[in-house]
2 protein chains.
Amino acid sequence: MTVTETHTAEEATARDDCVADRRVLPPRPEGKDRYTISEVAACTGLSAHTLRWYERIGLMPHVDRSHTGQRRFTDRDLDWLQLVNRLRSTGMPVADMVRYAELVRAGEHTCGERLELFEATRRDVLRRIEELQETLTVLDYKIDIYANAQRASEGT
Amino acid sequence: MTVTETHTAEEATARDDCVADRRVLPPRPEGKDRYTISEVAACTGLSAHTLRWYERIGLMPHVDRSHTGQRRFTDRDLDWLQLVNRLRSTGMPVADMVRYAELVRAGEHTCGERLELFEATRRDVLRRIEELQETLTVLDYKIDIYANAQRASEGT
DNA sequence: CTCTTGCTTCGAGTGCGCTCCAAGTCCGTA
DNA sequence: TACGGACTTGGAGCGCACTCGAAGCAAGAG
């Protein structure tokens, strides 16, 4: 657990945008803070289509625009997408993530609700891990059977 | 690991229908071997519609019929559904399970392929567990932040 | 005999999460 | 000035995994 550390800084993070943990981010173009949609697509693995769709359904906090109306994503947006991607990979429905995004937009007074949401998600993730481990047992069992059947038919 | 045990019996299992592990099955109506679709629905958690659909797409081995044409599922069918349910819960696409069902129907000479399929699935499950663990770390991190933020605003 | 319940079939509909299209705008290079 | 390429929008379409509906048959209870 490397979780309890610089809490003065961390609380600021919690207060303004609830970004994901920087330590687990993939590399991103250096020294910039205004990314085009294709740059973001490349570094998040989401398609440009999907990014626009996320914005439409309210899963992205408001994205900056250039003077010609093109999207210019910030590092904060990338952090947000990083978190979304993680939650998505747990199977969290998009609607729930939208709900969380709304809470963030609604302001600081929703922090309690956000905490609950994360705790519920955490329980869910634990349950899924357990389920997968059970499945693993079944798979091992069957692999064992097939491997033995094969050895029996080849050998002897 | 409770996997290596009575292999004479287990090999017979591998040979004929590749059932799931009996030890993890939920209770089912006792002493019978011919279940109506609604009984099966009740004990698998799948809807009657879904069971018929599974049969249509080839995900069920041929199901017995009563003299009036109604489905009569056997214990073996229940075992099969048990396995299907487990694989489904890992996120395995239905198409892949159909592929496996086809291998089973094709006969014993496909056992090698089935073994490969299970091993691939196993790797997949391990990867997903890892992914979930990572997500768990992120969730813990954020829960920690929110919990601290809350304590800070309440206390003092 | 009628009623209810549960089954049969096939095809259409649903919800989710994208994914793509058409038509148009803007930018940088030659 | 012309061209290629990346961007914009709203809306339509897609693939998956169900889910439901309609119309009809069969069996048991009253």
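Please read all numbers here as calculations on a predicted model, not as lab measurements. A note on names: the letters A, B, ... follow the listed sequences, proteins ahead of strands, and every chain is numbered from 1.
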K.L.:
Consider only side-chain N and O atoms of B:Thr74 and B:Asp77, and report whether a donor and an acceptor are under 3.5 Å apart.
P.N.:
yes

K.L.:
Looking across every strand, which nucleic acid part, if any, lies under 4.0 Å from B:Arg72 by heavy atom: base, sugar-phosphate, or nothing?
P.N.:
nothing

K.L.:
Reckon B:Arg71 has a side-chain N or O less than 4.0 Å from the OP1 or OP2 of C:dT9?
P.N.:
yes

K.L.:
Does the B:Thr44 side chain pair with the main chain of B:Val40, one donor and one acceptor, at a distance under 3.5 Å?
P.N.:
yes

K.L.:
Checking the side chain of A:Arg128 only, and the main-chain atoms of A:Thr90 only, is there a donor and an acceptor separated by less than 3.5 Å?
P.N.:
yes

K.L.:
Whole angstrom is fine here: how far is it from NE2 in B:His49 over to P in C:dG11?
P.N.:
16 Å

K.L.:
Looking only at side-chain N and O atoms, does B:Arg52 come under 4.0 Å of OP1 or OP2 in C:dT8?
P.N.:
yes

K.L.:
Side-chain N or O of A:Arg88 versus OP1/OP2 of C:dC18: is the shortest distance under 4.0 Å?
P.N.:
yes

K.L.:
Could you check how far CG of A:Asn85 sits from C1' of C:dG17, rounded to whole Å?
P.N.:
13 Å

K.L.:
Within the 4.5 Å heavy-atom criterion, are B:Tyr54 and B:Leu46 side-chain neighbours or not?
P.N.:
yes

K.L.:
Kindly give the heavy-atom pair with the smallest separation between B:Val104 and B:Trp80, and that separation in Å.
P.N.:
CG2-CZ3, 4.3 Å

K.L.:
CZ of B:Arg56 versus C1' of C:dA12: gap in Å, rounded?
P.N.:
11 Å

K.L.:
Would you list the pairs meeting salt bridge (charged side-chain N to carboxylate O under 4.0 Å, His left out) in which at least one residue belongs to residues 88-98 of chain A, sequence neighbours left out?
P.N.:
none

K.L.:
Mind checking whether B:Phe118 and B:Tyr100 have parallel, tilted or perpendicular rings, split at 30° and 60°?
P.N.:
perpendicular

K.L.:
Is there a donor-acceptor pair closer than 3.5 Å between any side-chain N or O of B:Thr110 and the backbone N or O of B:Ala106?
P.N.:
no

K.L.:
Find the distance A:Ile57:CD1 to C:dG17:P and express it as a whole number of Å.
P.N.:
8 Å

K.L.:
Tell me, please, the opening and closing nucleotides of DNA chain D, 5' to 3', among those with an atom under 4.0 angstrom from a non-hydrogen atom of chain B.
P.N.:
D:dA17 to D:dA27

K.L.:
Please encode protein proximity along nucleotides 23-28 of chain C as a string of B, S and -, counting only heavy-atom distances under 4.0 Å.
P.N.:
---SS-

K.L.:
Report the residue (B:Ala48 or A:Ser47) whose heavy-atom-nearest nucleotide on DNA chain C is the more 5′ of the two.
P.N.:
B:Ala48

K.L.:
Rounded to the nearest angstrom, tell me the gap between atom CG in B:Leu51 and atom P in C:dT9.
P.N.:
12 Å

K.L.:
Determine whether a donor-acceptor pair (N or O, by modelled atom type, separation under 3.5 Å) exists between the side chain of B:Glu39 and the backbone of B:Thr36.
P.N.:
yes

